[in-house]
Amino acid sequence: TTCAGCGAELLPGEVTSSNPTYGSICCKKNKVSLPPICTPCPEVTKLWHDADGVIGKTLRKFARSINNTLAFASQKVKRPNNLPG
């Protein structure tokens, strides 16, 4: 089943009983709308498709780790000033 709101593939438990055409997790029953994903810059695309290059092979091999690291590094935390100690 595909969500009518965002196009995500839905697992059986993600379909809402009140409206089975929308997912309950992906877009909160069509209440959340995210901007489309941008295409990567030409330099990254060239590296990704470089089958024989060392950098391209490394990028493909560690793509998930690189993505996770950059995603974690972009998180912002607001620390409260009134912590004890």
Side-chain angles (χ1 to χ4, degrees):
T1 306
T2 304
C3 176
C6 66
E9 293 293 325
L10 301 174
L11 298 173
E14 295 176 325
V15 178
T16 61
S17 57
S18 61
N19 192 343
T21 58
Y22 293 108
S24 59
I25 298 172
C26 54
C27 65
K28 297 288 185 190
K29 303 177 196 170
N30 205 28
K31 294 178 184 171
V32 176
S33 177
L34 298 174
I37 297 173
C38 301
T39 52
C41 64
E43 294 85 0
V44 173
T45 302
K46 183 178 177 183
L47 287 173
W48 184 263
H49 293 291
D50 182 14
D52 298 323
V54 175
I55 295 175
K57 287 180 181 178
T58 304
L59 177 63
R60 288 187 299 278
K61 182 177 181 180
F62 296 105
R64 184 166 300 206
S65 296
I66 293 167
N67 183 61
N68 291 345
T69 301
L70 293 174
F72 182 73
S74 68
Q75 297 295 315
K76 184 177 181 180
V77 176
K78 184 176 180 182
R79 297 177 65 186
N81 294 330
N82 58 351
L83 291 175

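- With sequence neighbours excluded, the residues forming a side-chain contact (heavy atoms from CB on, under 4.5 Å) with Thr2 are Glu9, listed by chain and number.
- The SG atom of Cys3 sits 11.5 Å away from the NZ atom of Lys29 when rounded to the nearest 0.5 Å.
- Put simply, CG on Asn30 and OG1 on Thr21 are 8.5 Å apart, with the number rounded to the nearest 0.5 Å.
- Taking CG of Leu47 as the start and SG of Cys41 as the end, the distance is 8.5 Å to the nearest 0.5 Å.
- Hydrophobic clustering keeps Val44 apart from Val54 (ILVMFWY residues linked when any side-chain heavy atoms are closer than 4.5 Å, directly or through intermediates).
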Let me check something: any side-chain donor-acceptor pairs from residues 59-66 under 3.5 Å, sequence neighbours excluded? List them with distances.
from  : atom 1 : to    : atom 2 : distance (Å)
Arg60 : NH1    : Trp48 : O      : 2.6
Arg60 : NH1    : Asp50 : O      : 3.2
Arg60 : NH1    : Gly56 : O      : 3.3
Arg60 : NH2    : Asp50 : O      : 3.4

